[in-house]
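Structure first, then comments.
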2 protein chains.
Amino acid sequence: MVAKRTTIKDIAEAVGVSTALVSFALNDGNKKYRVSEEMVRKIRSVAREMNYQPNSAAKSLRSGRTDTIGVILSDISNRFFADIARCIEDEASEAGITVMIGSTDENPRKFERLVDVFLNKGVDGFIIVPCEKSVHVIRRLVEAKVPVVLIDRTYADLDVSSVTLNNRKATMLAVDELYGQGFRKIRFITYHTTISNIVDRETGYVESMRKYGLEDEISVSKIKYENILENMRKLIPQVLEDGVEALIFSTNRLAIDSLVVLREIGKKVPEDVAVIAFDGSETFAFDLYYTTVSYIKQPIEKFGTEAFSVLSKLIKTGDTRDYKTVVLHPELIAQESSKKK
Amino acid sequence: MVAKRTTIKDIAEAVGVSTALVSFALNDGNKKYRVSEEMVRKIRSVAREMNYQPNSAAKSLRSGRTDTIGVILSDISNRFFADIARCIEDEASEAGITVMIGSTDENPRKFERLVDVFLNKGVDGFIIVPCEKSVHVIRRLVEAKVPVVLIDRTYADLDVSSVTLNNRKATMLAVDELYGQGFRKIRFITYHTTISNIVDRETGYVESMRKYGLEDEISVSKIKYENILENMRKLIPQVLEDGVEALIFSTNRLAIDSLVVLREIGKKVPEDVAVIAFDGSETFAFDLYYTTVSYIKQPIEKFGTEAFSVLSKLIKTGDTRDYKTVVLHPELIAQESSKKK
DNA sequence: TGTTTTAGCTTAATCGTTTTAGCATAATTA
DNA sequence: TAATTATGCTAAAACGATTAAGCTAAAACA
C-alpha cells in the first residue's frame with residue numbers, strides 16, 4: 001500500500017480548520033454550503049501540495065455510491081465484445097466512472113458469481129451481455145431495482161433496459177442483396193441456441209425468403225457451439241452438394257471457419273458459392289482473404305455509448321421502472337463475395 | 001442501489017448477539033477468537049437466510065485492502081492484450097480478486113489519470129503494460145512502494161517486477177529459420193519507437209545477422225505508428241525493388257498490413273518474398289490467408305498467469321523491494337510463408 | 001474452599017468521508 | 001438601537017465492517 005496517504009483530517013490540521021470545511025471546499029460544486037472564496041483557494045492549494053487523494057472506500061461507505069459499474073461480457077477476448085468494452089470504458093472514463101469487467105464464457109454459474117462479487121463491491125449498475133440460462137439472475141437484479149442495461153441480447157418478458165441490434169432486419173438486408181443479385185437457393189447457417197439475437201436473425205431470414213416467395217428454398221443448417229471448424233468440414237461439402245448458391249451466416253466465427261473450409265476444399269467465393277458474413281469486426285480476417293467479403297455491419301461503438309448513456313440515466317434518476325430499449329440498425333456492406341458472376 | 005442490504009448489525013439483532021461476534025463467526029478462519037461451534041452455525045445460517053453480502057467499502061476502509069487490482073493496457077481491443085487481460089481476470093477471479101481494466105492508447109496523460117483513479121479506488125496493486133513517456137509515473141509508483149508488475153515492456157533502470165518476452169531471442173529465431181532456408185537479403189520492418197520490447201527485437205535481428213556474417217545485408221525499415229496501411233503501400237514496393245528476399249516484422253499489425261499490400265500488388269508469398277510475422281494471436285487473420293504464415297509465438301497465457309502470480313506475492317509479502325523479473329520464451333512456428341521455393 | 005484459568009461473549013474505538021444541525025459574528029433591516 | 005438575516009465556520013453522527021481490550025461465569029487447579 002502507498003506509504004501513508006493524506007487524509008482530509010491532515011489538511012484540516014494543516015490549514016487549521018474542521019474536516020467538514022475541507023470537505024465542503026473540495027467537493028461542493030453547487031455552493032450548497034457557504035465557504036469563503038479565500039478559504040476554498042487556500043484549502044485547495046494545500047490539498048494539492050499535500051497530494052491529497054480522496055479515499056474512495058470511505059466515500060462509498062458514506063454515500064452509498066461507488067462511481068463504479070460492472071460490465072459482464074461473454075468473452076473479453078472476443079473482438080466484438082472487446083470493442084464494446086473499450087467504448088464503455090472510454091465513455092465511463094470521461095464521466096469519471098470506473099469499470100469492472102468480467103467474462104462469463106457463457107457459463108451461467110460464472111455469471112452468477114460475477115454478479116455477486118460486483119454487487120458486493122457495490123457497483124452502481126451493470127452493463128451485461130446475458131448468456132444462456134441466466135434469466136433468473138437478471139430477473140433478480142431487476143427486481144432488486146439494480147440499474148441494469150443488457151447489450152446484444154435481451155429477454156422479451158423482462159422489464160429491463162437494453163441495447164440491441166435489429167437482428168431481423170439484419171438478415172433481411174442480406175437476403176435482399178442476394179435476391180437482388182439473382183441468387184435463389186440461399187441457406188442460413190447458424191448455431192443451436194435460444195439466445196434472442198441469433199434466433200431473431202433466423203426469423204429475419206425466414207420472413208425475407210417468404211417475402212420473395214421462396215418458401216420452398218428456405219433451409220437452415222444449425223451446428224453446435226463446440227468444434228466449429230470440425231463441424232464445418234462436414235457441413236460445407238453437404239451444403240454444396242445440395243446445390244446451395246449462397247450462404248448467410250449468423251455470426252462472424254461461423255463465416256470465418258466456413259471460408260477456411262471453402263479454401264481447403266478448393267471452392268471459390270463467390271463463383272462456387274456466395275457469402276454474406278455477420279459483422280466485420282474481426283476485420284483483419286477478411287483483410288487477408290483473396291476476395292472482399294460482404295457482411296452485415298453492426299454499429300459497435302453505439303452499443304457501448306448507448307448502453308452507458310442509458311445506464312447513467314438509470315443510476316442518476318434511480319428509477320429503474322423507467323426502462324429504455326434502444327434498437328440499433330444494421331447496414332449491409334456489399335462487396336465481392338455476394339456478387340453474381 | 002439494491003433495496004436495503006443486510007448488514008452485520010441486522011444479523012446481530014436477529015440472533016441477539018453483538019456485531020463483533022457475527023464478524024468473528026463469519027470470518028475467523030484461523031480461530032483466533034473463541035466462538036462456540038453452535039453459535040457459528042447459527043450465525044452462518046441466519047446470514048445465509050437474510051442473504052447477507054458484506055459491504056466491501058466498509059471492509060476496505062477498515063482493512064486498507066480492497067482485493068482489487070488495476071490492469072492498465074495499451075488497448076483492450078488489441079487481441080494480444082485482450083487475451084492477457086482475459087488470463088489475468090481468470091486467475092484473479094479464482095483467487096477472489098476483482099480486476100479493474102483501463103486502456104491508455106499509448107497516451108501518457110491517460111495513463112497517469114488511470115493510475116490516479118485506480119490508486120484512489122485503493123487497488124492493492126497494478127499490472128501494467130507501460131506506454132511511451134510514462135517512466136516517471138511508474139517510478140512514482142515504485143517509490144511509493146505500490147506493488148507493480150510490468151508486462152511485455154520494462155525499464156532496465158527501474159527496480160520493478162516484470163514479465164517480458166526474450167525479444168532478442170525471438171527475432172534471432174526468425175533469422176535462424178530464414179538463414180537456414182537459404183535467404184540472405186533479410187529485412188526487419190518495425191516502428192519508430194523507444195519501447196523496450198520492440199527495440200530488443202531489432203537488436204536480436206541485427207546480432208543474428210552479424211552472427212551469420214551478414215553485416216552488409218542488415219537493413220531495417222521503420223515506419224510511424226499512424227496510418228500503417230498507407231505507409232506500407234509506399235514501403236513494400238520499395239523493399240521489393242531493393243531485392244529483399246525475406247521480411248521479419250516486429251509486430252502483428254505490421255505483418256498483416258504488409259500481407260494486404262502484397263496481395264494488392266499481386267506479389268506471392270513466399271515465392272516473391274518470404275515472411276515471418278510476430279505473434280499469431282490475431283489468428284483469424286492468418287487463417288484466411290492463401291498460405292500459412294510463419295510467426296514468432298509468444299506464450300500469451302503465461303504473461304497473464306505469471307504477472308498475476310508475481311503481483312499476488314508482492315501484495316502478500318508487502319515487500320516491494322524484492323522484485324522479480326520473469327522472462328518468457330518465444331517459439332518459432334515455421335510454416336509455408338518462410339519456405340524457400 | 002479459594003484462586004487461577006479459560007471459554008464465550010460484549011464494548012467501544014477505528015478506518016476517512018459526508019452531512020445535518022447549530023453557533024458565533026457581521027451585515028442588514030426596521 | 002434592537003431585531004433580523006447572512007455568512008463562515010464547527011461539532012458530531014453516520015456509513016458497515018474489524019479488532020483490541022475487557023468482562024462474566026464456568027471449569028480447573030491447589
Side-chain angles (χ1 to χ4, degrees), chain A residues 1-44 46-47 50-68 119-122 124, chain B residues 1-44 46-47 50-68 119-122 124:
Chain A
M1 214 51 257
V2 195
K4 171 66 176 73
R5 278 169 54 169
T6 305
T7 73
I8 224 171
K9 202 173 156 194
D10 299 329
I11 301 178
E13 276 166 14
V15 182
V17 295
S18 71
T19 61
L21 196 60
V22 176
S23 177
F24 297 155
L26 295 177
N27 304 310
D28 190 28
N30 36 6
K31 307 213 171 194
K32 196 174 149 201
Y33 301 95
R34 301 153 308 200
V35 188
S36 68
E37 282 293 321
E38 201 196 328
M39 190 51 90
V40 169
R41 268 201 307 280
K42 198 165 167 189
I43 289 178
R44 292 225 169 121
V46 171
M50 300 179 73
N51 188 30
Y52 170 69
Q53 305 281 22
N55 177 318
S56 358
K59 251 187 158 117
S60 308
L61 179 57
R62 189 54 238 244
S63 65
R65 287 177 322 106
T66 55
D67 288 338
T68 300
L119 277 179
N120 281 5
K121 296 272 176 191
D124 297 336
Chain B
M1 218 45 260
V2 195
K4 172 65 176 70
R5 277 170 55 169
T6 305
T7 72
I8 224 172
K9 201 174 158 195
D10 299 330
I11 300 178
E13 274 166 15
V15 182
V17 295
S18 71
T19 60
L21 196 59
V22 176
S23 177
F24 297 155
L26 294 178
N27 304 312
D28 189 28
N30 36 4
K31 307 213 173 194
K32 195 173 151 202
Y33 299 94
R34 300 153 306 202
V35 187
S36 67
E37 283 293 321
E38 200 195 330
M39 189 51 91
V40 170
R41 269 200 308 280
K42 199 165 167 188
I43 290 177
R44 293 227 168 119
V46 171
M50 301 178 74
N51 188 31
Y52 170 69
Q53 305 281 22
N55 177 318
S56 356
K59 254 188 156 119
S60 308
L61 180 55
R62 191 55 237 251
S63 64
R65 288 180 320 107
T66 56
D67 288 337
T68 301
L119 276 179
N120 281 4
K121 296 274 177 191
D124 297 335

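Reminder, nothing fancy here: chain letters follow the sequence lines and each chain counts from 1. Note that the structure is predicted; figures quoted are calculated from it, not measured.
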Would you indicate which nucleotide in [options] comes nearest to any side-chain atom of [X]?
| X | options | answer |
| --- | --- | --- |
| B:N55 | D:dG16, C:dA12, C:dT18 | D:dG16 |
| B:A20 | D:dT10, D:dC15, D:dT19 | D:dT19 |
| A:T7 | C:dT10, C:dC9, C:dG16 | C:dG16 |
| B:T19 | C:dG16, C:dA12, D:dA20 | C:dA12 |
| B:L61 | C:dT17, D:dA17, C:dC15 | C:dC15 |
| A:M39 | C:dC9, D:dC9, C:dT18 | D:dC9 |

Problem - Sole residue of A:V35, A:L26, A:I8, A:V15 in side-chain contact (heavy atoms from CB on, under 4.5 Å) with A:L21 - result: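 Only one option passes, and that is A:V35.
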Euclidean distance, atom [atom1] of residue [X] to atom [atom2] of [N] [Å, nearest integer]:
| X | N | atom1 | atom2 | result |
| --- | --- | --- | --- | --- |
| A:I11 | C:dT18 | CD1 | C1' | 14 Å |
| B:F24 | D:dG16 | CZ | P | 20 Å |
| B:R62 | C:dA13 | CZ | P | 13 Å |
| A:N27 | C:dG16 | CG | P | 16 Å |
| A:L26 | D:dC9 | CG | P | 14 Å |
| B:N120 | C:dT17 | CG | P | 10 Å |
| B:K9 | D:dA17 | NZ | C1' | 12 Å |
| B:K121 | C:dG16 | NZ | P | 18 Å |

Practice task
Respond yes when some side-chain nitrogen or oxygen of A:K59 is under 4.0 Å from OP1 or OP2 of C:dT18, and no when none is.
Solution key: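 For C:dT18, OP1 or OP2 has a side-chain N or O of A:K59 closer than 4.0 Å.
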Practice task
Determine: side-chain N/O of A:Y33 to OP1/OP2 of C:dT20, distance under 4.0 Å, yes or no.
Solution key: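 Indeed, a polar side-chain atom of A:Y33 lies that close.
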Practice task
Please figure out whether A:S63 or B:V17 has its closest DNA chain C nucleotide nearer the 5' end.
Solution key: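 Mapping each residue to its closest nucleotide by heavy atoms, the 5'-most match is B:V17.
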Problem - Comparing A:A58 and B:V35 on DNA chain C - which has the more 5′ nearest nucleotide - result: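 Its nearest nucleotide being more 5', the pick is B:V35.
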Contact between [X] and [Y] at the side-chain level, heavy atoms closer than 4.5 Å - yes or no?
| X | Y | result |
| --- | --- | --- |
| A:V17 | A:M39 | yes |
| B:P54 | A:N120 | yes |
| A:T7 | A:E13 | no |

Problem - A:K121 versus B:T68, side-chain donor and acceptor atoms under 3.5 Å - result: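 The criterion, which ignores hydrogens and geometry beyond distance, is satisfied for A:K121 and B:T68.
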Problem - Residue whose closest nucleotide on DNA chain D lies nearer the 5' end, A:R34 versus A:L21 - result: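 In this pair, the answer is A:R34.
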Practice task
Name the nucleic acid region contacted by B:S23, choosing base, sugar-phosphate or nothing; use a 4.0 angstrom heavy-atom cut-off, strictly under.
Solution key: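 The answer is base, as B:S23 lies within the cut-off (heavy atoms under 4.0 Å) of a base atom.
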Handout entry: Sugar-phosphate, base or nothing in reach of A:S36, heavy atoms under 4.0 Å
Key =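 Counting heavy atoms under 4.0 Å across all strands, the contact made by A:S36 is with sugar-phosphate only.
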Exercise for the section: Identify the heavy atoms of B:D124 and B:G64 that sit nearest to each other, and give their distance. Expected result: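 In terms of heavy atoms, the two residues are closest at OD1-O, 4.4 Å.
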